[in-house]
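These notes concern the structure reproduced below.
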Amino acid sequence: MENNPGTDKQHKNHFGLILHLHPRKVRVSTLRFDLTFGLGGMAALLVVIQVITGLLLKFHYEPSPENAYNSILNLQESLLFGRMLRNIHHWSAIALVWVAFFHMMRVIFTGAYRKPRHASWIFGLALLILVVLSNFTGYLLPWDQLSFWAVTVSTSLLSYVPLVGEFLREALLGGKEVGQPTLTNFFNLHTGVIPLLMIVLLGYHFWRIRKAGGVIVADRDLDSPMVDTRPNLVNREFTVALVLLAAILLLSSLLDAPLRERANPSFSPNPAKAPWYFMGLQELLIHFHPFFAVVVIPVTILAAAIWLPYIKTEDQNQGIWFFSPGGIISARLSLAAGALFTLIFIGLSELLPDPELLLPALPPLITTGLIPLLIMAVTIWLFLKFLRRRLSLNRSEIIQSVIVLMITSYAILTLTGIFLRGEGMNLMWPWQV
Ligand code: HEM
Ligand code: HEM
């Protein structure tokens, strides 16, 4: 019985799911770690961790304003590994936002968003939105001062959406203010609707990647040999998974998820800030007319992201990080310019008199919306024109530069909102905040 065929079959079954997600053979060139940095796989593992730890938390958590906070305290204090469980869920949630974001960056920088990968890109965008929404809906559940007021502030942004904004806000909150119906809504979205949607979209995401013939391959690597997926790719994936798991466990045993005092609806902290991933938006609201900050700018960016795969580019930088030396210089300059422009913009809006007072005859929609937006757009356009001429960039490199510029700008807005805004959302030094 030494040569038992069953053993081989069992072995294959053991890897059945993994092989189902992969083709039998992969191109050697796609095994290079610096092509994908294993980020898609990491994001998938983090979703699995969230579902498992979330289901376990659900055994103990009570979604009512009277009991939610105490159930978390109790989970942390008296349940074996309760605190660890909460910490893992908390830190993996934040890690998922960063990993999904960096995964999107690697897709952009290797030009992997174009046909035949356009559907993976668009469904990827939907996944990113779901990742942020899971974080946001989970944020309220501990029902402490931090979560209660962060959700109050963030949902109030919705009221700036014309016509449907107030309706959307009340539908989400289940009333005029954050209360029991809000917690019920957020709990059901968080533990039911969003994970379900995410699993369906992920299934489709994975299927599209296989349909496109696996991850992107540079033209110059098209003749690189094919090797067996197991062990070549599978072993690499396990290594990345183990390192990520070790990092999450280490972080969760060293740092506790925050929990402030119990939510008090009649006492608002000053300043009341949105969760960190919405802080850039809250900061934008200080400088722009609300309609521009909450509707025009985010919707334009989302529309541009959906349109991205359909922009015609006849260049060869698919599967290659930074096609030309000019591309690298341009990305660096865009990083510096994004930071500089945004800091100047924040400084000027602090120092100059209110545009509404300067041009009182014009409506605020023009003075604090259209005019600053046009000034910003023209500055960016001139900067890109300069880059294109100086560095003879191709179209993909221009797209990459625009993206670097915008992301740096959002990062600066976020950092300003978190570290430099104190009482009354006024600008202060970090140690005064
Ligand atoms: C991608 C998926 C998920 C993300 C990003 C996520 C994120 C979060 C976040 C940020 C919190 C607040 C944690 C804190 O207290 O600081 C939270 C809490 C919670 N989540 Fe999730 N979650 C996910 C999936 C799930 C699933 C699938 C379930 C259950 C089926 C679940 C159940 C819970 C429960 C019960 C809490 C309250 C406990 C607590 O706050 O510690 N989560 N989640
Ligand atoms: C929960 C979130 C996500 C998971 C679990 C996930 C998972 C994956 C995996 C495993 C791969 C193949 C390996 C790799 O590229 O590392 C992949 C590829 C891809 N993903 Fe995602 N992804 C997520 C979010 C996103 C987002 C936010 C975008 C973009 C907006 C995106 C766009 C793509 C594209 C275009 C590919 C094909 C890349 C190529 O063929 O080279 N994904 N994803």
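In listed order, ligands and their atoms are each counted from 1. Source: prediction; values computed, not measured.
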Does ligand 2 have a heavy atom under 4.0 Å from the side chain of Leu125, from its backbone, from both, or from neither? both
Under 4.0 Å from one or more heavy atoms of Ala93, ligand 1 contributes atoms 5 (C), 7 (C), 10 (C)
Phe37 vs Trp321, test: ring-ring contact (aromatic ring centres under 6.0 Å, His included). Steps then yes/no. CA-CA 12 Å; Phe37 292 99; Trp321 282 81; 5.7 Å; yes
Suppose you place the vertex at atom 21 (Fe) of ligand 2; what is the angle out to His103 NE2 and His205 NE2, to 10°? 170°
Can you pull out the closest protein heavy atom to atom 36 (C) of ligand 1? Residue, atom name and distance to 0.1 Å, please. Leu141 CD1, 3.5 Å
With respect to atom 26 (C) of ligand 2, which of Gly124, Ala100, Ser120 exhibits the smallest heavy-atom separation? Gly124
For ligand 2, which atoms have a heavy atom of Leu128 less than 4.0 angstrom away? 27 (C)
Which of the atoms of ligand 1 are close to Met198, meaning less than 4.0 Å from one of its heavy atoms? 1 (C)
In this structure, atom 37 (C) of ligand 2 is nearest to the protein heavy atom Arg117 CD, 4.1 Å
Contact check: Gly40 vs ligand 2, nitrogen or oxygen atoms, below 3.5 angstrom: yes
Would you mind telling me if ligand 2 is within reach of the side chain of Phe206, the backbone, both or neither, using heavy atoms under 4.0 Å? side chain
With a cut-off of 4.0 Å, which atoms of ligand 2 are near a heavy atom of Ala43? 3 (C), 4 (C), 5 (C)
Compute the ring centroids of Phe291 and Tyr160, then answer whether they are less than 6.0 Å apart. no
One finds that the ligand 2 atoms under 4.0 Å from a non-hydrogen atom of Ile216 are 39 (C), 40 (O), 41 (O)
Protein heavy-atom partner closest to atom 27 (C) of ligand 1 - residue, atom, separation in Å: Pro195 CG, 3.7 Å
ring-ring contact (aromatic ring centres under 6.0 Å, His included) assessment of Tyr61 paired with Phe187: CA-CA 10 Å; Tyr61 177 77; Phe187 180 70; 5.7 Å; yes
In ligand 2, which numbered atoms sit nearer than 4.0 Å to a non-hydrogen atom of Ala112? 35 (C), 38 (C), 39 (C), 41 (O)
For the pair Asn270 (side chain) and Gly424 (backbone), establish whether a donor and an acceptor sit closer than 3.5 Å, ignoring hydrogens and angles. yes
Is Arg32 salt-bridged to Asp34, going by a charged N under 4.0 Å from an acidic O? yes
re atom 11 (C) of ligand 2, the protein heavy-atom contact at minimum distance is Ile209 CD1, 3.4 Å
Backbone N or O of Asn185 within a donor-acceptor pair of the Asn188 side chain at under 3.5 Å? no
Given Arg117 and Ile216, is the side chain to side chain contact (heavy atoms under 4.5 Å, CB included) satisfied, shown in steps? CA-CA 9 Å; Arg117 295 176 172 80; Ile216 194 143; 3.9 Å; yes
Proximal atoms of ligand 2 relative to Ala44 (non-hydrogen, under 4.0 Å): 5 (C)
Note: ligand 1 atoms sitting under 4.0 Å from heavy atoms of Pro142 are 14 (C), 15 (O), 40 (O)
Where does the angle between the aromatic ring planes of His205 and His103 fall among parallel (under 30°), tilted (30 to 60°) and perpendicular (over 60°)? perpendicular
With Arg421 as reference, evaluate Met279, Met428, Lys273 under the side chain to side chain contact (heavy atoms under 4.5 Å, CB included) test and give the passing residue. Lys273
I need the nearest protein heavy-atom contact for atom 8 (C) of ligand 1: residue, atom name and distance, please. His190 CE1, 3.4 Å
Min over His90, Arg83, His89, Gln50 of heavy-atom distance to atom 16 (O) of ligand 1 lands on His90
Check whether the ring centres of Trp98 and Trp276 lie less than 6.0 Å apart, and answer yes or no. yes
Rounding to 0.5 Å, atoms CZ (Arg262) and CD (Glu66) come to a distance of 7.5 Å
At a non-hydrogen distance cut-off of under 4.0 Å, which region of Val215 contacts ligand 2 (side chain, backbone, both, or neither)? both
Between Pro65 and the options Thr182, Val178, Leu183, the side chain to side chain contact (heavy atoms under 4.5 Å, CB included) test singles out Leu183
For Arg106, is at least one N or O under 3.5 Å away from an N or O on ligand 2? yes
Pair Phe136-Phe278, ring-ring contact (aromatic ring centres under 6.0 Å, His included): steps then yes or no: CA-CA 9 Å; Phe136 181 58; Phe278 287 150; 5.4 Å; yes
Shortest protein contact, atom 12 (C) of ligand 1 (heavy atom only): Gly138 O, 3.2 Å
Heavy atom of the protein closest to atom 15 (O) of ligand 1 (residue, atom name, distance): Arg86 NH2, 2.6 Å
Would you sort out whether Trp307 and Tyr310 count as a ring-ring contact (aromatic ring centres under 6.0 Å, His included), showing the intermediate values? CA-CA 6 Å; Trp307 179 51; Tyr310 305 101; 9.0 Å; no
re atom 28 (C) of ligand 1, the protein heavy-atom contact at minimum distance is Gly54 CA, 3.4 Å
I'd like the name of whichever of Leu55, Asn135, Ile72 reaches closest to atom 39 (C) of ligand 1 through any heavy atom. Ile72
Per-atom contacts, ligand 2 versus Gly41 - under 4.0 Å to a heavy atom: 10 (C)
Over 60° means perpendicular and under 30° means parallel, so tell me whether Phe345 and His287 are parallel, tilted or perpendicular. tilted
Considering only NZ, NE, NH1 and NH2 on the basic side and carboxylate oxygens on the acidic side, decide whether Glu77 and Arg83 come within less than 4.0 Å. yes
Quick one: does Trp121 get an N or O within less than 3.5 Å of an N or O on ligand 2? no
Contact between Gly319 and ligand 2, counting heavy atoms under 4.0 Å? no
Option whose closest heavy atom lies nearest to atom 1 (C) of ligand 1, chosen from Val48, Leu146, Leu57, Leu96: Leu96
When you check the gap from the basic side-chain N to the acidic O, do Asp228 and Lys25 get nearer than 4.0 Å? yes
Out of all atoms in ligand 2, which are within 4.0 Å of some heavy atom of Gly214? Include the element for each. 40 (O)
Going by the side-chain hydrogen bond (donor to acceptor under 3.5 Å, both in side chains) test, name the single residue among Arg210, Glu237, Arg230 that passes it with His22. Glu237
Near Leu202, which atoms of ligand 2 are under 4.0 Å from a heavy atom of that residue? 4 (C), 5 (C)
